Chemist: 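Encoded as structure tokens, here's the structure I'll be asking about.
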Amino acid sequence: MTTANDGGDGGAPLLPEAVRALPYSWGTGYVWPPETEESPGTLALARAVLEGCLPAGRLATPEPPPEVRAKHLGEGEELPDWIEARSVLRSLMPYARDVTRERMAEAEARCARAGLDTTDFTERWTRRISAWIAQEVLRWCGLMVDDTGALSPWATDLAERYAHRGMAAEQAVWLLRLTPELPGSHAALARLAQDAELPSEVRELAAAAVTGPAEGN
């Protein structure tokens with residue numbers, strides 16, 4: 001039996017309980033299906049997952065890393081190590097509830113045997129998995145929720161904090177851009193556009209919305 005203190009297989013969980021309740025798999029990129037119902041329960045889950053994945057402060061390195069496709073690499077370029085490491089982790093932890101200390105240790109051992117970077121492995125990959133999960137929740141809230149009033153007031157505040165702290169920042173800005181009717185959305189974008197500590201592409205994405213309409217993502 002899985003308890004609040006256990007992972008899906010009885011291991012020690014590395015993600016908060018609310019995040020472990022997420023039913024969508026890593027195999028599909030944690031994407032929320034377009035037919036997901038906008039019920040009070042689903043919206044409560046979205047909020048709880050975002051609150052659970054939010055880092056305590058600004059990340060030293062933004063997460064998640066940009067996707068890299070082999071077909072886009074130049075001559076002599078290779079895929080970064082983390083692409084292969086992700087495949088290892090995904091096979092061991094197909095759902096958020098499977099992200100346990102024991103499975104993470106097994107993933108680290110496999111990656112070490114493959115000669116991949118295992119620096120701060122558990123901390124780095126727990127944070128990165130959280131970022132991928134949060135990114136898809138933010139995407140669903142911004143693109144798929146028709147009753148945007150149901151996102152008030154929590155979505156605006158959380159999106160700004162995600163962008164400010166460097167986790168799923170671009171998707172957080174898109175949530176703000178796609179919900180201009182929410183109180184505080186425009187003001188949050190204006191603040192992010194002036195945040196000199198954010199990457200230039202995030203500031204520019206926010207600034208474009210302050211001066212012009214969103215075009216979609």
Side-chain angles (χ1 to χ4, degrees), residues 4 15-26 28-59 62-64 67 95-97 127 129-195 197-199 201-217:
L15 297 175
E17 184 175 3
V19 182
R20 301 198 302 274
L22 189 73
Y24 310 121
S25 76
W26 197 354
T28 58
Y30 297 118
V31 171
W32 289 46
E35 65 273 16
T36 302
E37 183 183 4
E38 290 179 35
S39 66
T42 303
L43 290 163
L45 174 63
R47 179 179 182 175
V49 171
L50 288 176
E51 290 173 341
C53 290
L54 184 70
R58 191 188 296 264
L59 301 181
E63 291 287 355
E67 285 295 331
Y95 289 90
R97 61 179 176 269
R127 182 170 60 243
I129 291 168
S130 296
W132 277 315
I133 290 172
Q135 182 172 262
E136 293 309 318
V137 180
L138 291 164
R139 192 188 311 277
W140 181 76
C141 289
L143 288 174
M144 305 307 297
V145 175
D146 294 322
D147 180 15
T148 54
L151 300 173
S152 180
W154 54 271
T156 301
D157 174 62
L158 283 169
E160 182 177 8
R161 285 197 276 168
Y162 266 95
H164 176 73
R165 297 180 190 185
M167 178 175 280
E170 290 193 20
Q171 199 59 55
V173 171
W174 272 112
L175 171 55
L176 294 169
R177 289 189 60 161
L178 292 165
T179 54
E181 67 278 10
L182 290 182
S185 181
H186 187 274
L189 287 165
R191 287 190 292 270
L192 292 171
Q194 297 299 318
D195 188 342
E197 294 188 43
L198 290 177
E201 59 269 22
V202 176
R203 295 198 312 272
E204 290 166 6
L205 186 62
V210 174
T211 57
E215 298 176 355
N217 184 14

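Since this is a predicted model, take the numbers as computed values, not measurements. Starting from 1, each residue takes its place in the sequence as its number. Below, all heavy atoms of this structure are taken into account, side chains as well, without hydrogens, waters or symmetry copies.
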Chemist: For a side-chain contact (heavy atoms from CB on, under 4.5 Å) check, start with the C-alpha distance between D147 and L43, then their side-chain angles and the critical distance, and finish with the verdict.
Modeler: CA-CA 11 Å; D147 180 15; L43 290 163; over 6 Å; no
Chemist: Excluding sequence neighbours, so at least two apart, what forms side chain to side chain contact (heavy atoms under 4.5 Å, CB included) with E160?
Modeler: A188, R191, L192
Chemist: Can you pull out every salt bridge (charged side-chain N to carboxylate O under 4.0 Å, His left out) where at least one residue sits in residues 36-57? Sequence neighbours excluded, please.
Modeler: R47-E51
Chemist: Any heavy-atom pair between the side chains of P34 and M144 that's under 4.5 Å?
Modeler: yes
Chemist: Specify the closest pair of heavy atoms between P180 and L178, including all atoms of both residues, with the distance to one decimal.
Modeler: CD-C, 3.3 Å
Chemist: Mark yes or no for whether S152, through its side chain, and G149, through its backbone, hold a donor-acceptor pair below 3.5 Å.
Modeler: no
Chemist: Hey, could you give me the CG/OG1 distance between L175 and T148, rounded to the nearest 0.5 Å?
Modeler: 10.0 Å
Chemist: For a 4.5 angstrom cut-off between non-hydrogen side-chain atoms, does L22 reach E136?
Modeler: no
Chemist: Spell out, as yes or no, whether a donor-acceptor pair under 3.5 Å connects the side chain of S25 to the backbone of Y95.
Modeler: no
Chemist: Is any side-chain heavy atom of V137 less than 4.5 Å from a side-chain heavy atom of C53?
Modeler: no
Chemist: Atom CG in L189, atom CD in Q194: separation rounded to 0.5 Å?
Modeler: 12.0 Å
Chemist: Between Y30 and I129, is there a side-chain heavy-atom distance shorter than 4.5 Å?
Modeler: yes
Chemist: Are the side chain of R165 and the backbone N or O of L59 linked by a donor-acceptor pair below 3.5 Å?
Modeler: no
Chemist: Sequence neighbours excluded, which residues qualify as ring-ring contact (aromatic ring centres under 6.0 Å, His included) partners of W140?
Modeler: W32
